[in-house]
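Structure first, commentary second.
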Amino acid sequence: MSSVTLKHIQKKYPNGFEAVKDFNLDIKDQEFIIFVGPSGCGKSTTLRMVAGLEDISGGDLIIDGKRMNDVEPKDRDIAMVFQNYALYPHMTVYDNIAFGLKLRKVPKDEIDKKVREAAKILDLDQLLERKPKALSGGQRQRVAMGRAIVRSPKVFLMDEPLSNLDAKLRVQMRTEIAALHKKLKATIIYVTHDQTEAMTLGTRIVVLKDGDIKQVDSPQKLYNQPDNLFVAGFIGSPQMNFINATCKANGSDVTLNFDKFSIALPPAKAKKLIDGGYNGKTVVMGIRPEDIGDSKFEMENYAARIDATVTGYELLGSEVILYFPIGDANLSAKVESSTPARLGDHVTLALNPEKIHVFDRDTELTITN
C-alpha cells in the first residue's frame with residue numbers, strides 16, 4: 001500500500017509569505033493525482049514538501065500510516081522526476097539509471113536486472129551505452145523516469161516533467177506516462193500548469209490558486225461541475241466565457257439579461273436562482289465556447305440566441321474559434337469548420353441553455369451548473 005495523506009499542511013516563509021495554506025488531501029494507493037494551477041499557486045512547493053526538499057511549516061505528512069515530516073528525503077521511499085531531467089552528462093544511460101541503486105549498495109546482478117527491466121519498459125534497450133548529449137529530449141526524460149522506476153518507490157513525484165519537450169513529444173510522453181502508471185500500479189503525484197495534461201492523465205485533479213485548494217475532483221466533474229469561477233475559467237480550452245447578467249424571475253421562470261439579450265434558464269437552474277434569492281441581482285453567467293454554435297442542429301434546438309460581429313477567426317482544422325464582443329465582454333465560440341462566418345461578419349449564434357453555469361458575483365461560488 002502506498003497512500004499519502006496531507007493534513008493541514010502549511011508552508012510559511014520567514015518573510016511571512018504563506019505559499020501553501022491548510023492543504024488537506026488523501027491520496028489512495030495506486031492513484032494518479034495531479035496538482036494543477038497557475039505559476040506561484042503552491043503546487044511545486046507542496047510536492048517538494050512531500051519529497052522532503054522543503055520544510056513543512058505546519059500540519060502532518062503521512063505516508064503509509066507513518067508521519068514523515070522530519071524523515072530524511074532518502075528514507076521516505078519516494079522517487080522524484082524533475083523538469084530538467086537532472087542527468088549526469090559524463091555517465092551512460094545505463095549508469096544514470098543505475099546510479100541510485102549503486103549508492104544504496106544493491107548487488108551488481110540485481111542492479112543489472114532492474115536497469116534492463118526499466119529500459120525495456122521505457123524502450124531504452126538500444127540506448128544504454130549512449131551519453132545524455134546523444135539523446136533527444138524525450139529520451140532524456142525516459143532515462144530520468146528509468147532512474148525513478150528502478151528504485152521501486154512507494155510514491156513517484158513528477159514536477160512538470162514534460163514542460164521542456166515540444167508539443168508533439170509532450171502528447172507522446174503523456175500516453176507513455178499513462179501506460180507506465182497502469183503497468184507499475186504505482187501512486188503518482190504529478191505537478192503541471194498545463195490543464196490539458198492534467199485532464200488527460202489524472203484520476204483526480206487538485207486545482208490550486210494562491211496556496212489554496214479550489215477543488216479536488218475527477219477531470220469530468222471539474223469540467224462539467226466546477227465549484228467556483230476560478231476552476232470554471234482554468235479548466236477548458238479556450239476558457240469558459242463569463243458575462244455579468246441580471247437575474248429576473250417571473251413566477252418559476254428565470255431569465256438572465258445582459259446587453260440587449262435575454263436568456264431563459266431551464267427549470268432546474270431557474271429554481272436554484274429563485275431559492276438562492278437572486279431575483280433582481282447581478283450574477284456571472286458562464287458558458288463554454290463549445291456550447292455556442294451556428295450549426296443547423298444548434299439553430300433548430302436551442303432557443304437561446306445572441307447576435308454578434310466576428311472580430312477574430314481561428315481555423316483549427318476540424319473546428320473554428322470565433323471571437324466576438326458582447327457589451328464589455330469578449331467571448332468565443334468553438335464551431336464546425338464548415339461555418340460560413342468570417343472576420344467582420346454579423347452572425348447569429350445559439351447557446352445550449354442546459355450548459356449554462358451561473359456564479360455568485362461576490363463569492364465567486366457556483367450557484368448552478
Side-chain angles (χ1 to χ4, degrees), residues 1-83 153-160 186-193 195 198 201-219 221-222 225-235 359-360 362-366:
M1 290 288 285
S2 310
S3 61
V4 180
T5 302
L6 295 97
K7 285 185 185 171
H8 305 293
I9 292 286
Q10 289 173 294
K11 179 62 191 179
K12 203 169 188 178
Y13 289 100
N15 64 4
F17 175 67
E18 212 172 350
V20 179
K21 307 162 189 169
D22 198 28
F23 191 106
N24 291 284
L25 185 67
D26 282 314
I27 301 167
K28 298 181 199 75
D29 182 42
Q30 296 184 22
E31 195 168 11
F32 196 138
I33 201 131
I34 308 255
F35 295 170
V36 71
S39 297
C41 70
K43 53 191 186 297
S44 287
T45 305
T46 306
L47 195 78
R48 289 172 67 81
M49 285 193 281
V50 175
L53 303 174
E54 195 85 55
D55 291 333
I56 297 170
S57 309
D60 298 303
L61 169 69
I62 294 154
I63 299 176
D64 280 352
K66 187 182 171 194
R67 190 175 183 273
M68 290 286 179
N69 291 44
D70 304 313
V71 174
E72 286 290 311
K74 65 181 174 60
D75 300 324
R76 293 190 183 195
D77 200 8
I78 53 179
M80 193 150 175
V81 179
F82 295 94
Q83 179 180 353
K154 283 183 179 166
V155 184
F156 286 92
L157 306 179
M158 298 189 179
D159 192 6
E160 306 222 20
T187 305
I188 297 177
I189 307 174
Y190 187 107
V191 162
T192 180
H193 63 274
Q195 51 102 4
L201 281 173
T203 43
R204 277 194 306 157
I205 299 171
V206 181
V207 184
L208 288 156
K209 184 194 179 200
D210 300 333
D212 277 322
I213 294 179
K214 289 298 184 184
Q215 190 171 347
V216 183
D217 244 316
S218 67
K221 277 197 92 173
L222 286 176
Q225 296 166 359
D227 284 352
N228 49 64
L229 204 62
F230 177 76
V231 174
F234 191 79
I235 300 293
F359 306 90
D360 184 294
D362 299 323
T363 64
E364 298 192 350
L365 296 175
T366 301

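Numbering of residues begins at 1 and proceeds along the displayed sequence.
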Applying side-chain hydrogen bond (donor to acceptor under 3.5 Å, both in side chains), name anything that partners Asn69, two or more places apart in sequence or on another chain.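 side-chain hydrogen bond (donor to acceptor under 3.5 Å, both in side chains) list for Asn69, sorted by chain: empty.
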Shortest non-hydrogen separation from [X] to [Y] and the atoms involved:
X	Y	result
Lys214	Asn228	O-ND2, 3.2 Å
Cys41	Lys209	CB-CA, 3.9 Å
Ala51	Pro73	O-CB, 3.4 Å
Ala198	Ile34	CB-CG2, 3.7 Å

Atom pair [atom1] ([X]) and [atom2] ([Y]), whose distance is rounded to the nearest 0.5 Å:
X	Y	atom1	atom2	answer
Ile33	Ile27	CD1	CD1	5.0 Å
Ile205	Asp217	CD1	CG	9.0 Å
Thr187	Ile78	OG1	CD1	12.0 Å
Ile56	Leu61	CD1	CG	4.5 Å
Thr366	Gln225	OG1	CD	9.5 Å
Asp77	Lys154	CG	NZ	5.5 Å

Residue pair [X] / [Y], side-chain heavy-atom distance below 4.5 Å:
X	Y	value
Asp75	Glu72	yes
Ile9	Met49	yes
Pro226	Phe234	no
Met158	Met80	no
Ser2	Phe156	no
Val36	His193	no
Gln215	Leu222	yes
Leu365	Asp227	no

So, applying side-chain contact (heavy atoms from CB on, under 4.5 Å) with Glu31, which one of Thr203, Val4, Val155, Ile189 is it?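 One option only clears the test, and that one is Thr203.
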Answer yes or no: is there a donor N or O on one side and an acceptor on the other, between the side chain of Lys21 and the main chain of Lys12, under 3.5 Å?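 Judged by distance alone, no pair lies under 3.5 Å.
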What residues form a side-chain contact (heavy atoms from CB on, under 4.5 Å) with Tyr13, not counting sequence neighbours?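 Partners of Tyr13 by the side-chain contact (heavy atoms from CB on, under 4.5 Å) criterion, ordered by chain and then number, come out as Lys11, Asn15, Phe17, Ala19, Thr45, Glu54.
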Quick one: do the Ser44 and Asp159 side chains pair a donor with an acceptor below 3.5 Å?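 A donor-acceptor contact under 3.5 Å links the two side chains.
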Please identify which of these residues, Lys7, His8, Arg67, meets the side chain to side chain donor-acceptor pair (under 3.5 Å) condition with Asp60.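 When side chain to side chain donor-acceptor pair (under 3.5 Å) is applied between Asp60 and each of Lys7, His8, Arg67, only Arg67 qualifies.
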Determine, stepwise, if the pair Phe35 / Tyr190 fulfils ring pair (Phe, Tyr, Trp, His ring centres under 6.0 Å). CA-CA 6 Å; Phe35 295 170; Tyr190 187 107; over 10 Å; no
